[in-house]
**Q** 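A single structure is presented below for examination.
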2 protein chains.
Amino acid sequence: MKKEAQGKRVAVDRAILELEQFLPYRLSVLSNTASRAIADLYERRYGLSIAEWRTMAVLGSYDGIAAREVAERTAMDKVAVSRALARLIADGRVRRRTAEHDKRQSVLGLTAKGWKVYAEVAPLALEHEKRLLAHLTVEERRWLAHILDRLWQAELEEIAR
Amino acid sequence: MKKEAQGKRVAVDRAILELEQFLPYRLSVLSNTASRAIADLYERRYGLSIAEWRTMAVLGSYDGIAAREVAERTAMDKVAVSRALARLIADGRVRRRTAEHDKRQSVLGLTAKGWKVYAEVAPLALEHEKRLLAHLTVEERRWLAHILDRLWQAELEEIAR
DNA sequence: TTAATCTAGTTTCAATTGAAACTAATTGCA
DNA sequence: TGCAATTAGTTTCAATTGAAACTAGATTAA
């Protein structure tokens, strides 16, 4: 490490870690910008938070699941799910029944109104994803998907331990 | 899409988007787990939040910069930086002078105490990063670095527009 | 010059989040 | 059985965050 012109903004000798090169930092910044743009859009247009959108998305794929499974499938904790559901139900986008076989559990699903929102938001989200990926070549995209799978898997194993 | 056994957990016809495959979601989950483990560690051991650690990290690399530049280099907003600095200074880990050429600006740097913390935390952070990357082959690691660069660059261009 | 604009950084107040405690129902097991 | 432990989900309260307003200094341009 050596001085730049002016002797200002010196990269210091003792430094061992460059934040800009640090993987967790890079992932965090990337993740934030990837989510922010689209999140702002459906927040403004539909009053949906990320937590609410994720909840709707999994209910779009898995009708009739309980809150616990929403939490698993959205990687959110049960408190966040509870709050997201409270708002979605208040807005009439999600319906909740009590499971007959276990009265603690709920049976959740999108209402007609919820499906209407879903049918508008999902394409926006997918388009946004496409725009992000458009910056990569086909090969890079394949590698990215592969690497995410690998890391995902590694995490699961880590948690399982 | 078709029914699974039991007629439960049905993947619904109208579903357009699988959250688990959605890039912003995958990045978010990955980023969270990548940061969480290490963040918990230096929170417990040194009482450092992520914002504080990032601030210390850039001050370790760039001595004498102002809060504005900390914000740029950590991808945090100025309020977050102001608060992180307030705590770091209160803890005696960062020193702040006023810039002579512009009395609005501060001139920031790690104190001896700050350097001591840095010298302990940085290796921990790097080791953690190594453990994450250990799940990938050399080739995968190279591609990951490359892809992150590409997306990073794309973002910068996006913002510049 | 000096008034208007801009920039660095802080403060305030409301909204969001996180952790712990809680309620209600279910399960495991002596 | 029935009582202790577990699970689903909610509530509460404190801590964190975000947005806007604010202070103080610097810059611009008439």
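Worth knowing before you read on, the calculation uses all heavy atoms, side chains too, and leaves out hydrogens, waters and symmetry mates. Letters A, B, ... are given to chains in the order of the sequence lines, protein chains preceding strands, and every chain is numbered from 1.
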**Q** I'd like to know if B/R96 reaches the base of C/dG9 with its side chain, counting only an N/O donor and acceptor under 3.5 Å.
**A**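 Checked by distance alone, the answer is no.
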**Q** Write down the atom of B/V107, the atom of B/T98, and the distance for their closest heavy-atom approach.
**A**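 Where B/V107 meets B/T98 most closely, the heavy atoms are CG2-C, 4.4 Å.
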**Q** Report the distance from atom CE of B/M76 to atom C1' of D/dT17, rounded to the nearest whole Å.
**A**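 After rounding, the reported distance stands at 12 Å.
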**Q** If the threshold is 4.0 Å, N to carboxylate O, is there a salt bridge linking B/R95 and B/D63?
**A**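 So B/R95 pairs with B/D63 through a salt bridge.
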**Q** First locate atom NZ of A/K116, then atom CG of A/L110, and finally report the distance between them rounded to the nearest 0.5 Å.
**A**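 It comes to 14.0 Å.
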**Q** Look at A/R68 and C/dA25 and indicate whether a side-chain polar atom (N or O) is within less than 4.0 Å of OP1 or OP2.
**A**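 No, outside the criterion.
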**Q** What nucleotide, of D/dG9, C/dA20, C/dG9, holds the atom closest to the side chain of A/V79?
**A**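 So the side chain of A/V79 is nearest to C/dA20.
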**Q** Once you round it to whole Å, what is the distance between C1' of C/dA15 and CZ of A/R87?
**A**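 For the pair A/R87 CZ and C/dA15 C1', the rounded distance is 11 Å.
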**Q** Establish whether the base of C/dG18 is bridged to the side chain of A/R83 by a donor-acceptor pair shorter than 3.5 Å.
**A**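 Counting by modelled atom types and ignoring angles, a donor-acceptor contact under 3.5 Å is found here.
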**Q** Check the distance between D/dT17's P and B/K78's NZ and give it to me in whole angstrom.
**A**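 The answer, rounded to whole Å, is 18 Å.
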**Q** Quickly work out the B/E69 CD to C/dT7 P distance and round it to whole Å.
**A**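 After rounding, the reported distance stands at 17 Å.
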**Q** Would the base of D/dG25 count as contacting B/K103 through its side chain, where contact means a donor and an acceptor less than 3.5 Å apart?
**A**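 Checked by distance alone, the answer is no.
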**Q** In whole Å, I'd like the distance from the CD atom of B/E72 to the C1' atom of C/dG9.
**A**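 Rounded to whole Å, this separation is 14 Å.
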**Q** Using a heavy-atom cut-off of under 4.0 Å over every strand shown, decide if B/A66 touches base, sugar-phosphate, or nothing.
**A**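 Counting heavy atoms under 4.0 Å across all strands, the contact made by B/A66 is with sugar-phosphate only.
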**Q** Report yes if at least one side-chain N or O of A/S106 is closer than 4.0 Å to OP1 or OP2 of D/dG9; otherwise report no.
**A**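 It does, given that an N or O in the side chain of A/S106 lies less than 4.0 Å from OP1 or OP2 of D/dG9.
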**Q** Of the nucleotides C/dT11, C/dA8, D/dG18, which has the atom closest to the B/S82 side chain?
**A**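 Among the listed nucleotides, the one closest to the side chain of B/S82 is C/dT11.
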**Q** Expressed as a whole number of angstroms, how long is the span from A/E43:CD to C/dT16:C1'?
**A**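 Going from CD in A/E43 over to C1' in C/dT16 covers 12 Å.
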**Q** In whole Å, what is the span from the CD atom of B/Q105 to the C1' atom of D/dT23?
**A**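 Whole-Å distance recorded here is 16 Å.
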**Q** Between B/A99 and A/L85, which residue's closest nucleotide on DNA chain D lies nearer the 5′ terminus?
**A**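 Result of the comparison: A/L85.
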**Q** Given that A/D102 and B/V107 both sit by DNA chain C, which one's nearest nucleotide is further toward the 5' end?
**A**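 So the residue in question is B/V107.
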**Q** Using whole Å, what does the distance between atom P of nucleotide D/dG18 and atom CG of A/N32 come to?
**A**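 Rounding to the nearest Å, CG of A/N32 and P of D/dG18 are 9 Å apart.
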**Q** Within the pair B/R104 and D/dC22, is there a side-chain N or O less than 4.0 Å away from OP1 or OP2?
**A**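 For B/R104, the contact criterion (side-chain N or O under 4.0 Å from OP1 or OP2 of D/dC22) is not met.
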**Q** Using a strict threshold of under 4.0 Å (side-chain N to carboxylate O), is an ion pair present between A/R68 and A/E72?
**A**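 Salt bridge present between A/E72 and A/R68.
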**Q** So, is the end of the B/R14 side chain (NZ or CZ) under 6.0 Å from the ring centre of A/Y118 and within 45° of the ring's axis?
**A**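 Judged by the rule, B/R14 and A/Y118 form no cation-pi pair.
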